[in-house]
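Residue numbers start from 1 in every chain, and the chains themselves are labelled A, B, ... in the order their sequence lines are given, proteins ahead of strands. In this text the structure is predicted, and so the values were computed from the model without any measurement.
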Amino acid sequence: MKPATDTIRVLIRRGDAHSGRICVYRAPRRENQTVLDVVTWIQRELAPDLAYRFSCRVGMCGTCAMMVGGAPRWTCRTHVKTVLRRGQLELAPLRSLPIIKDLACDMSEFFAKWRRAEGRFHSSPERSGRAQPPVKILPSTPARREADAAIECINCAVCYSACDVVAWNRDYLGPAALNRAWSLQNDARDSAHARRLRAVSAGGGCQHCHSQHSCESFCPVGLSPARSIAGLKRALARGALGIRPHSPPHA
Amino acid sequence: MMLSPKWFLAQRLSALLLAPMVIAHLLGIIYAAQGGLDAAEILARTRGNFFLAVFYECFVVATALHASIGLRVVGVEWLRLRGRALDWLGALSAFALFALGSYAVFAVTAG
Ligand code: SF4
Ligand code: SF4
Ligand code: FES
């Protein structure tokens, strides 16, 4: 018998963190179809209790990431035809995050690490308060270029899931939080550079990165957290040696 | 802490030291082997060579530091060690490397 080419065999890891099983579904194969389309079809037609997460469907919100054939991907912008292996699609929740149910993970630790890395903008009354005239930011300064290169993160946790150090060491802040920290370290308006440098070099900090760039290979929007982390490591080394930063970020 | 900023820096700096030293060491081996020296002839040249003793003892210290810090990281990531166990792994490996290395340096350069 000829194998049916108009359907896809979809293997989904279902269950919670303690008990998981692989469920097999058949979904129609369409010309232009994303992995998220397939998951949605299965939930609507076959398994109404299938848990997964998405919001924007256009690669903006970063909520739809999961493991596709063993690799972390944003599913709303991953075309089935690029990841299908022998007519088969294997889906599982993101690696290194606690599973809530089926394809939905608990992102709390991911975001807690953003906070731990001081991934939040700190304004200062002297520099960027309401009483001050707007700060002039020249896009051409080296610091601003560094900040811009790291800024388009959509918090999808794909890099976090791709990183082996995260998998091995639960303390490690991970590529996304550190990338965010680097973009703020280069923001002239931010006033917490010293505090943030301490935060990213404390336990589980940037010094644990192995610089093997898995984060960069998988980041769907083409950022390089590894490069940002290299910047943080340089700043950390300079700080520990008592050398002042190269160019003051406000130059 | 598994890899404090100070240990991180120590590992980087020791690597900086080790890179040229490894090259010098390899060049030394090639030079000696090309010259067709046998063990006794090599020992005759290394014994009592103060410069060589200092060079290799620095090599040993840098290695003990660099490798033991790296082993702590391996201990955390692969063996899931923490706290006291990790400190022991680091201290014992540093001591073993230092002792074995220094013994070798002594054996080759003393006298
Ligand atoms: S480069 Fe660093 S942050 Fe990126 S995946 Fe490797 S260890 Fe993780
Ligand atoms: S750096 Fe890239 S992969 Fe990581 S969370 Fe941001 S967008 Fe996602
Ligand atoms: S659903 Fe928003 S990025 Fe995929």
Participant: Can you tell me if CD on A/Q88 sees more than 12 non-hydrogen neighbours from other groups inside 6.0 Å?
Facilitator: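 More than 12 heavy atoms, drawn from other residues, nucleotides or ligands, come within 6.0 Å of this atom.
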Participant: Would you find more than 12 non-hydrogen atoms of other residues, nucleotides or ligands less than 6.0 Å from A/R53 atom CZ?
Facilitator: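 Above 12, so yes.
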Participant: So, taking the atom named CG in B/L3 and the one named CG in A/N169, what distance separates them when rounded to the nearest 0.5 Å?
Facilitator: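 Rounded to the nearest 0.5 Å, the CG-CG separation comes out at 10.0 Å.
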Participant: Heavy-atom distance under 4.5 Å between the side chains of A/H208 and B/V73, does that happen here?
Facilitator: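 Not touching, per the 4.5 Å side-chain cut-off.
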Participant: Tell me, side chain or backbone of B/V76 under 4.5 Å from chain A's heavy atoms, or both, or neither?
Facilitator: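 For B/V76, heavy atoms of backbone and side chain both lie under 4.5 Å from chain A.
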Participant: Tell me if the CZ atom of A/R170 is crowded by more than 12 foreign heavy atoms within 6.0 Å.
Facilitator: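 Yes, because the 6.0 Å sphere around CZ of A/R170 holds more than 12 heavy atoms from other groups.
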Participant: Which distance, rounded to the nearest 0.5 Å, do you find between the OG of A/S201 and the CZ of B/F8?
Facilitator: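 Interatomic distance, A/S201 OG to B/F8 CZ, rounded to 0.5 Å: 9.5 Å.
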Participant: Using a 6.0 Å cut-off, check whether atom CZ of A/F111 has over 12 heavy atoms from anything other than its own residue.
Facilitator: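 For A/F111, atom CZ is crowded (more than 12 foreign heavy atoms under 6.0 Å).
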Participant: What verdict does the side-chain contact (heavy atoms from CB on, under 4.5 Å) test give for B/R12 and A/Q207, after you've listed the backbone C-alpha separation in whole Å, the side-chain angles of each residue and the deciding distance to 0.1 Å?
Facilitator: CA-CA 10 Å; B/R12 288 296 155 116; A/Q207 65 272 33; over 6 Å; no
